[in-house]
There are 2 protein chains.
Amino acid sequence: MATTGKQLFTTLDADGTLTVAIEDVSFPDPTGNQVLVKMEAAPINPSDLAILAGAADLENATYTQGKFVATMPEPFNTGSKARHGLKLPAGNEGAGTVVAAGDGDAAKALVGQRVACVPGNAYSQYCVVDARSCLPLGDHTAEEGASAFVNPMTALGFVENAKMDGQNAILHTVGASNLGQMLTRICQEDGLALVNIVRKADQADLLKKMGSTHVVNSSDDDFMGQLRTAIEDTGAFYGFDPIGGGKTVDTVFKAMEQVAVKQMTEYSRYGSNQQKRMFIYGRLDTGATMLSPSYGFGWTLSGWLLFPFLQAAGQETVGRMRKRVLENLTTTFASHYKQRVNLEEMLTKEAVTDYRAMKTGEKYLVTPWS
Amino acid sequence: MATTGKQLFTTLDADGTLTVAIEDVSFPDPTGNQVLVKMEAAPINPSDLAILAGAADLENATYTQGKFVATMPEPFNTGSKARHGLKLPAGNEGAGTVVAAGDGDAAKALVGQRVACVPGNAYSQYCVVDARSCLPLGDHTAEEGASAFVNPMTALGFVENAKMDGQNAILHTVGASNLGQMLTRICQEDGLALVNIVRKADQADLLKKMGSTHVVNSSDDDFMGQLRTAIEDTGAFYGFDPIGGGKTVDTVFKAMEQVAVKQMTEYSRYGSNQQKRMFIYGRLDTGATMLSPSYGFGWTLSGWLLFPFLQAAGQETVGRMRKRVLENLTTTFASHYKQRVNLEEMLTKEAVTDYRAMKTGEKYLVTPWS
């Protein structure tokens with residue numbers, strides 16, 4: 001007997017009409033190692049926003065109960081051609097209680113337990129997921145476990161990736177973000193140097209209070225000087241950036257090269273031999289990434305995504321990372337929320353406009369049964 | 001007793017004044033494994049142009065016998081801060097005859113022989129270089145051996161790098177260049193697929209006559225369609241670009257991703273899992289590289305330089321590459337020249353303006369004793 005419940009769907013039509021709406025859905029009974037999770041909490045992460053709202057014109061959208069219809073401007077509509085006409089679920093991650101299971105042992109063992117999971121349709125009252133991808137939360141609340149995957153595993157992933165590449169220091173371009181604060185705590189625990197770039201004085205204060213030793217404020221007049229000093233002190237020629245568009249990576253590469261050139265004894269028209277490595281793991285700015293010819297040829301820039309990284313890292317590493325997250329869920333890996341909304345409330349003009357702004361420290365939590 | 005001769009020097013002052021001039025120089029006697037090479041021919045490669053002329057205002061420069069003085073506009077002058085006030089030699093490579101040697105065995109063995117070398121001051125009547133870095137040319141002329149290093153080793157380096165990375169296909173954004181033609185012949189010999197991008201119909205014809213099977217003309221209306229087909233046919237998700245600035249790499253990444261997405265069975269907001277890899281090995285366009293958010297996160301872009309690559313590849317690989325170049329110097333690795341100029345002639349307005357334009361098939365050769 002199928003279970004019914006509400007679920008969010010997002011559809012972009014070829015003409016640029018974006019429809020995001022709550023629908024009543026029938027969830028299939030779990031089979032094999034599948035479990036049915038009654039979802040209690042799911043965060044709205046920057047990585048969810050692309051298909052939830054993207055660059056849509058929220059100001060002139062039509063809002064009704066459990067639904068909004070907006071226009072996606074160009075070039076974003078054409079850029080999203082691959083999803084035209086597809087009705088997509090949304091919500092990478094969340095937490096809830098296992099209410100039914102297939103007859104596989106892994107599934108049956110979870111019945112009645114609270115778990116964190118990564119269903120891809122977490123903005124829903126129910127999700128069907130593979131039991132082996134669930135993280136049992138023990139006595140933790142759903143709110144504590146809702147963000148147990150994306151940010152913790154990404155921040156840990158940066159540190160794992162840096163260690164694999166033989167690095168002792170990391171640079172992060174949005175130090176005060178939820179993920180940035182986790183990264184700050186992880187680097188402290190693991191003895192890695194960390195350069196944190198922030199945009200505001202209060203963000204710098206927050207990180208310094210947490211014990212971050214190299215915080216650089218991009219709004220300061222002597223930002224480039226501060227950045228060079230921090231890179232020189234830490235040896236951070238390796239970093240992560242979720243902004244993507246504009247000149248953030250360019251600025252970082254420039255500062256890295258200036259530090260490296262200062263340490264050279266002879267001029268080279270090709271720049272330094274110091275390898276400079278940056279990863280773009282998000283697109284908070286959907287403009288083009290601009291790379292100027294100011295740092296020779298000793299640089300590499302890559303996109304970075306959690307799932308391909310985990311796949312490459314292998315089961316043992318992933319298991320170790322998951323264990324560490326669970327053991328430190330309310331400390332190192334704690335997330336904080338500005339606002340709790342149910343499925344209908346998350347589609348109001350006020351809510352969508354607010355969470356799409358992605359302000360530091362203002363994360364939303366979706367509670368589908370409230 | 002020191003040898004005297006003429007040598008070119010290029011100096012950029014902090015105020016943006018670029019002075020390129022021939023001077024009489026005294027060359028020290030070679031010691032140890034050094035040899036003194038009487039230079040007979042040296043090509044002007046794109047990689048030489050950055051310090052020779054760069055973006056200087058050649059139209060309004062002052063030209064006198066063996067000298068020109070030009071103004072370097074912004075932002076290029078500030079961008080070259082590291083070389084302000086330095087009097088630099090120029091000319092990566094060339095060929096000549098060994099006329100004196102230190103007392104090392106490797107040096108003594110070369111006396112009287114014609115060699116190719118990479119002195120960094122090849123626009124000169126003499127150069128002092130390490131004998132072990134010389135390539136003895138046997139019966140080849142200096143003109144045949146003058147370009148035995150930069151273009152041949154770079155083109156071979158691309159193929160070696162691709163093989164190291166497990167690739168069976170390469171994409172090259174300037175197929176008809178001197179280097180592009182070498183790459184075309186190497187890929188044919190080694191059975192690697194090659195996608196050649198060109199800008200003009202006659203360039204496409206040239207490559208097709210050479211037997212190139214996947215030539216795509218960026219001036220054609222259906223360029224993107226042609227490019228996608230070529231990538232799909234060859235599996236070339238790995239390429240090299242000497243343009244650097246603008247949207248060349250972006251266009252290639254887009255086409256690669258479109259091919260990969262077409263092969264996916266399910267939509268992913270993160271794009272395909274197909275790894276796309278591009279290398280920028282020059283800056284024919286000194287504008288910013290623009291990367292749009294149109295191909296997910298499965299991409300990597302790096303700077304690529306010959307010398308760091310050779311260092312990483314190791315002595316055995318480099319020895320094998322050098323041997324192959326020497327054995328095929330007048331076939332696979334042949335270079336052609338539009339014009340021969342001596343040191344004074346290379347600093348006339350007509351010459352500088354012409355070779356800085358870097359037109360395909362119009363390379364200059366400097367013959368310091370003519």
Side-chain angles (χ1 to χ4, degrees), chain A residues 47-48 50-51 54 75-76 78-84 86 88 90 92 120 244-245 247 249-250 257-258 261-262 264 266-273 275-277 279-283 285-308 311, chain B residues 47-48 50-51 54 75-76 78-84 86 88 90 92 120 244-245 247 249-250 257-258 261-262 264 266-273 275-277 279-283 285-308 311:
Chain A
S47 53
D48 295 309
I51 62 163
F76 304 102
T78 300
S80 300
K81 205 163 57 179
R83 61 169 287 203
H84 281 167
L86 298 175
L88 301 170
N92 272 314
K247 297 192 170 179
V249 167
D250 190 59
E257 178 69 2
Q258 287 163 6
V261 164
K262 215 179 101 181
M264 288 167 73
E266 205 174 317
Y267 171 74
S268 163
R269 76 195 79 172
Y270 300 114
S272 76
N273 285 325
Q275 285 299 315
K276 297 163 286 291
R277 188 88 168 91
F279 298 89
I280 289 180
Y281 69 95
R283 278 280 176 183
D285 180 339
T286 53
T289 310
M290 314 278 280
L291 302 175
S292 62
S294 315
Y295 25 87
F297 292 83
W299 55 270
T300 294
L301 175 62
S302 299
W304 195 96
L305 266 190
L306 179 57
F307 291 89
Q311 204 147 18
Chain B
S47 54
D48 295 308
I51 61 163
F76 305 100
T78 300
S80 301
K81 204 162 59 180
R83 61 170 286 202
H84 281 167
L86 298 176
L88 300 171
N92 272 314
K247 297 191 170 178
V249 168
D250 190 58
E257 178 69 1
Q258 286 164 6
V261 165
K262 214 179 101 182
M264 288 168 73
E266 205 174 319
Y267 172 75
S268 164
R269 77 196 77 172
Y270 300 114
S272 77
N273 285 326
Q275 286 298 315
K276 297 161 286 292
R277 186 89 169 91
F279 297 89
I280 289 179
Y281 70 94
R283 278 281 175 184
D285 180 338
T286 53
T289 311
M290 315 276 281
L291 303 174
S292 62
S294 313
Y295 25 86
F297 293 84
W299 55 269
T300 293
L301 175 62
S302 299
W304 195 95
L305 265 190
L306 180 57
F307 291 90
Q311 204 148 18

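Just so you know, these numbers use all the heavy atoms, side chains as well, and skip hydrogens, waters and symmetry mates. To find a chain, count down the sequence lines: A is the first, B the second, and so on, and within it residues start at 1.
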Give, as side chain, backbone, both or neither, the part of [X] having an atom under 4.5 angstrom from any heavy atom of chain B.
X        : value
A/Pro293 : both
A/Leu86  : side chain
A/Trp299 : both
A/Leu301 : both
A/Ser268 : neither

Specify the closest pair of heavy atoms between [X] and [Y], including all atoms of both residues, with the distance to one decimal.
X        : Y        : answer
B/Trp304 : B/Phe279 : CD1-CD2, 3.5 Å
B/Leu305 : A/Tyr270 : CD1-CB, 3.4 Å
A/Arg83  : A/Leu88  : NE-CD1, 3.8 Å

Under 4.5 Å from any heavy atom of chain A, what part of B/Ala82 do you find: side chain, backbone, both or neither?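 Contact with chain A involves both backbone and side-chain atoms of B/Ala82.
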Which answer fits B/Ile51, side chain, backbone, both or neither, if we ask what part of it has an atom under 4.5 Å from a heavy atom of chain A?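 Side chain only.
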Going by side-chain hydrogen bond (donor to acceptor under 3.5 Å, both in side chains), A/Ser272 matches just one of A/Lys262, A/Glu257, A/Gln258. Which one?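 For A/Ser272, the side-chain hydrogen bond (donor to acceptor under 3.5 Å, both in side chains) check succeeds only for A/Glu257.
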Option that, when pairs with chain A are counted at under 4.5 Å, heavy atom only, ranks first among B/Pro308, B/Gly271, B/Gly282: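 It is B/Gly282.
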Out of A/Asp285, A/Asn273, A/Asp250, A/Thr286, which one racks up the most heavy-atom pairs below 4.5 Å with chain B?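 Top count of heavy-atom pairs under 4.5 Å with chain B: A/Thr286.
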Specify which of A/Tyr295, A/Tyr281, A/Phe307 makes the most heavy-atom pairs with chain B at under 4.5 Å.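 Among A/Tyr295, A/Tyr281, A/Phe307, the one with the most close pairs to chain B is A/Tyr281.
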Residues A/Arg283 and B/Ser292: side-chain donor-acceptor under 3.5 angstrom: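 There is no such pair (donor and acceptor under 3.5 Å, judged by atom type) between the side chains of A/Arg283 and B/Ser292.
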Who passes salt bridge (charged side-chain N to carboxylate O under 4.0 Å, His left out) against B/Lys81, sequence neighbours left out?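 Applying salt bridge (charged side-chain N to carboxylate O under 4.0 Å, His left out) to B/Lys81 gives none.
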Nearest 0.5 Å, what's the OG-CZ distance between B/Ser302 and A/Arg277?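 Output value for this atom pair is 6.5 Å.
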